[in-house]
Amino acid sequence: MKIMAQASSPQAVLASWLQAAFAKAYPEVAGEGFQARVVAATNPEFGDFQCNDAMALAKRAKQPPRVVAQAALDALPVPEMVCKAEIAGPGFINLTVSAQWLADRLEEQMANPHLGVPQTGEGKTIVMDYSSPNVAKPMHIGHIRSTVIGNALDRLLRARGYRVVADNHLGDWGTQFGILICGYRAFLTPEQQENLTVELLEKVYVQSYNRTKEDPVWLEQCRAELVKLQQGDDANRAVWKRFIDISIREFTRIYDRLDVHFDLWRGESYYNDRLPAVVERLQNEHLAVPSDGAWIVDLKDEGLDVCIVRKSDGGFNYATTDIATVASRTEEFAPDSIIYVTDERQQLHFKQFFAICRKIGLHTRLEHVWFGLMRLPEGTFSTRQGNVIKLEALLDEAENRALTIIRDSHPDMDEASQRALAADIGISAVKYADLSHDPQSLVVFSWDKALALDGNSGPYLQYAYARLCSLLDKYGQDTAAHRLAPATPIEKQLVLQLLRYPETVERASTASKPSHLADYLYELARNYSRFYQSSPVLKAAPEVRDARVKLCSVIARTLEHGLHLLGLRTPRRI
RNA sequence: GCGCCUGUAGCUUAGCCGGAUAGAGCAUCGGAUUUCUAAUCCGAGGGUCGGGGGUUCGAAUCCCUCCAGGCGCGCCA
């Protein structure tokens with residue numbers, strides 16, 4: 001199969017012209033190392049694109065900016081697709097480009113199987129580590145960000161051609177299992193043990209944990225069970241395995257609702273066998289030194305304090321596990337990079353173990369994408385305080401709110417369809433609420449924010465898409481043979497915006513901010529809604545109609561592509 | 001104390017590798033449906049971009065400083 005050549009963007013075409021023009025007019029200052037930049041006009045009144053470089057060059061050229069701009073425009077013939085090139089204000093070069101030329105570029109973009117998204121990841125592998133809940137605790141609203149943002153980044157990378165290995169690095173090992181095993185045996189009836197749920201496990205954990213605080217004998221017993229588990233005791237291994245199986249079953253139910261799927265489910269325990277070797281290696285290379293009975297790596301030189309790699313009781317901790325995980329992933333997948341998506345609190349931890357990995361020669365690029373911790377208005381929440389909101393409850397509420405509206409607006413629809421649509425809309429509303437904001441902003445949870453159904457919300461985008469589908473269905477013919485022919489300002493604006501899709505996907509991915517794409521899609525849906533309101537499509541004269549339907553089909557495809565990159569569903573009817 | 005981050009309209013926010021009049025949504029008020037889905041569209045009011053200083057032709061954006069808040073800083077992950 002022939003690979004379609006990457007269509008160069010209008011900006012790139014215009015920038016290379018102006019680059020040559022500046023170089024010709026001012027060879028001394030605009031030669032080597034100078035990069036002309038053309039960006040979208042800040043205001044449609046100014047034109048379609050603008051270049052601000054004349055102002056930057058003015059000082060070095062020792063001429064007023066407007067003179068520099070004029071000299072550049074005089075240096076080379078203006079390309080034929082440029083209808084108007086004028087100098088404005090202090091020295092902006094404003095460019096107005098032929099709508100038809102833009103439309104032709106857009107046709108090229110749509111002929112590309114990736115809608116013009118550069119396949120920079122071709123042949124490269126990235127391991128992504130996101131969501132990663134702890135076994136035996138229900139997922140709560142604090143897990144939604146890592147899951148939803150991580151999954152969107154996963155999808156964005158795949159769209160750029162990367163092979164992504166999404167690994168759900170479950171918290172399935174650690175001191176909590178001694179507490180859990182004792183609690184499980186002491187507090188649960190045989191029936192409860194038979195019908196074990198994560199919710200029960202959580203209750204048992206809290207109860208057992210509280211008892212360790214007041215009953216030293218109990219605490220000792222928990223420790224003993226933990227040691228037995230770590231030494232491979234059959235009975236404890238079996239119980240532990242059961243906790244994991246039950247947890248995975250429940251997590252999967254939620255992931256299915258969220259359309260999130262992993263390639264691997266390797267918990268921390270998967271790397272247990274490698275932990276001693278990691279510490280030995282650090283000891284042999286004199287990177288780890290004893291301190292108060294523990295083994296630490298001193299990273300003060302790098303401003304990263306010290307990091308414990310082996311506890312004074314001989315046990316290993318998370319830093320060791322994470323280093324072992326990097327080693328294992330590097331051997332198995334030879335990834336270009338490993339990306340971790342967690343909340344802001346773990347920044348130091350990641351910096352520390354990234355530094356240690358470098359010291360022992362693990363040179364895989366490691367990246368920590370952090371996001372703002374979700375809080376409640378009264379502060380942070382924790383299992384022990386019992387003020388968590390379960391993720392499942394949030395999803396249920398989202399679907400219920402959507403269902404109420406659907407029953408009202410589609411009384412004719414059968415119950416099953418209403419529920420299916422409510423799921424499509426409700427879940428997407430929850431995901432969009434997270435994806436549409438900068439991941440690094442602080443988030444204070446509120447039901448109304450998380451479940452917004454109008455304005456800048458998931459359903460707004462889905463509604464625009466459903467209207468497009470409805471219109472295309474009513475038209476009922478294939479649009480493949482039609483050509484775009486933008487004739488009105490709003491149509492041209494849509495074409496210009498659609499042309500920005502590839503760069504938007506790339507920017508969202510490289511900046512690790514799905515919000516850039518969410519913003520773009522919202523603007524696209526908004527412009528479509530304005531177009532829809534002001535411009536008849538099916539009722540227009542035939543030539544106009546066919547071109548407009550074609551435009552609608554391009555918008556629909558782009559919107560659908562983008563919504564899927566965010567992990568949002570695209571029902572054809574709302 | 002040290003480190004990371006945040007501060008934009010009543011609320012939620014976009015813009016932050018410097019560009020022209022700081023864009024939206026919610027809420028409030030006023031309009032639009034014999035017309036392709038009103039979860040829509042159009043309009044109005046509402047801003048010392050936390051304060052101060054600096055760099056620059058130009059600062060929400062870069063630098064310094066102060067204020068306010070969040071998070072993290074050796075054996076939890």
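To find a chain, count down the sequence lines: A is the first, B the second, and so on, and within it residues start at 1. Just so you know, these numbers use all the heavy atoms, side chains as well, and skip hydrogens, waters and symmetry mates.
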Scan A:Gln50 against the nucleic acid and name what it touches under 4.0 Å (heavy atoms): base, sugar-phosphate only, or nothing. base
Taking the C1' atom in each of B:C49 and B:A9, what is the distance between them to the nearest angstrom? 10 Å
Round to a whole Å and report the spacing from NZ of A:Lys539 to P of B:C36. 4 Å
Could you check whether A:Asp519 gets within reach of a base, just the sugar-phosphate, or nothing at all, counting any heavy atom under 4.0 Å? sugar-phosphate
What nucleotide among B:A38, B:G19, B:C41 has an atom nearest to a side-chain atom of A:Tyr532? B:A38
Under 4.0 Å between a Lys/Arg side-chain N and an Asp/Glu carboxylate O for A:Asp438 and A:Lys513? yes
Among B:C75, B:G70, B:C36, the one nearest any side-chain atom of A:Lys474 is B:C36
Can you tell me the base-pairing partner of B:U21? Count Watson-Crick or G-U wobble geometry only, both distances below 3.5 Å, and say none if there is no partner. none
Side-chain heavy atoms of A:Lys550 within contact of A:Asp546, under 4.5 Å: no
Is the shortest side-chain N/O distance from A:Ser470 to OP1 or OP2 of B:U37 below 4.0 Å? yes
Contact class for A:Thr404 vs. all strands (heavy atom < 4.0 Å): base, sugar-phosphate, or nothing? nothing
Could you tell me whether A:Ala464 contacts a base, only the sugar-phosphate backbone, or nothing, with contacts defined as non-hydrogen atoms closer than 4.0 Å? nothing
Between the base of B:A77 and the side chain of A:Asp322, is there a donor-acceptor distance below 3.5 Å? no
In whole angstrom, give me the gap between the C1' atoms of B:G31 and B:G50. 38 Å
Candidates B:G19, B:C36, B:U6 - which lies nearest the side chain of A:Met55: B:G19
Polar pair under 3.5 Å, donor/acceptor by atom type, side chain A:Ser312, base B:C75: yes
Does A:Tyr205 have its ring centroid less than 6.0 Å away from the ring centroid of A:Phe177? no
Quantified in whole Å, what is the P atom distance between nucleotide B:U8 and nucleotide B:U48? 12 Å
Counting only Watson-Crick pairs (N1-N3 plus N6-O4 or O6-N4) and G-U wobbles (N1-O2, O6-N3), all under 3.5 Å, who is the partner of B:C41? B:G31
Taking only the P atom of each, what is the distance from B:U61 to B:G53 in whole angstrom? 13 Å
Tell me which nucleotide, if any, is Watson-Crick or G-U wobble paired with B:A14 when both distances must be under 3.5 Å. none
Determine the Euclidean distance between corresponding P atoms of B:C11 and B:G51; express it in Å to zero decimal places. 15 Å
For a quick check of understanding: with a heavy-atom distance under 4.0 Å over all strands, which category does A:Asp292 fall into, base, sugar-phosphate or nothing? base
With sugar-phosphate meaning primed atoms plus P, OP1 and OP2, does A:Gln352 contact a base, only sugar-phosphate, or nothing at under 4.0 Å between heavy atoms? nothing
Roughly how far apart, to the nearest Å, are B:G47 and B:G10 at atom C1'? 12 Å
Residue-phosphate contact under 4.0 Å: A:Arg530 side-chain N/O, B:C42 OP1/OP2: yes
Paired nucleotide for B:C75 [Watson-Crick or G-U wobble; both distances under 3.5 Å]: none
Complementary nucleotide of B:C4, counting Watson-Crick and G-U pairs under 3.5 Å: B:G70
Taking the side chain as everything from C-beta on, heavy atoms only, tell me whether A:Arg37 gets closer than 4.5 Å to A:Cys51. no
Would you call A:Arg548 and A:Val544 a side-chain contact if the rule is heavy atoms closer than 4.5 Å? yes
Test for a donor-acceptor pair under 3.5 Å between the base of B:A77 and the side chain of A:Tyr318, counting only N and O atoms. yes
Checking A:Trp370 against A:Gln346 for the side-chain contact (heavy atoms from CB on, under 4.5 Å) test, could you report, in this order, the C-alpha distance in whole Å, the side-chain angles of both residues, the deciding distance, and whether it holds? CA-CA 8 Å; A:Trp370 60 266; A:Gln346 302 196 37; over 6 Å; no
Looking at every strand, decide which applies to A:Trp370 at a 4.0 Å heavy-atom threshold: base, sugar-phosphate, or nothing. sugar-phosphate
With a 3.5 Å limit on both atom pairs, tell me what B:C36 is paired to, counting Watson-Crick and G-U wobble, or say none. none
Under 4.0 Å from OP1 or OP2 of B:C57: is there any side-chain N or O of A:Lys59 that close? yes
Check this for me: does the side-chain of A:Thr42 come within 3.5 Å of the base of B:A20 through a donor and an acceptor? yes
Can A:Phe92 be said to stack with the base of B:G19, given centres closer than 5.5 angstrom and planes under 30 degrees apart? no
Taking donor-acceptor contacts at under 3.5 Å, does the side chain of A:Glu523 reach the base of B:A24? no
Using purine N1 to pyrimidine N3 plus N6-O4 or O6-N4 for Watson-Crick, or N1-O2 and O6-N3 for G-U wobble, both under 3.5 Å, which nucleotide pairs with B:C49? none
When all nucleic acid strands are considered with a 4.0 Å heavy-atom cut-off, which category describes A:Leu468: base, sugar-phosphate, or nothing? nothing
Between A:His349 and A:Tyr318, does the ring centroid distance fall short of 6.0 Å? yes
B:A39 pyrimidine/purine six-ring stacking with A:Tyr460, under 5.5 Å and 30°: no
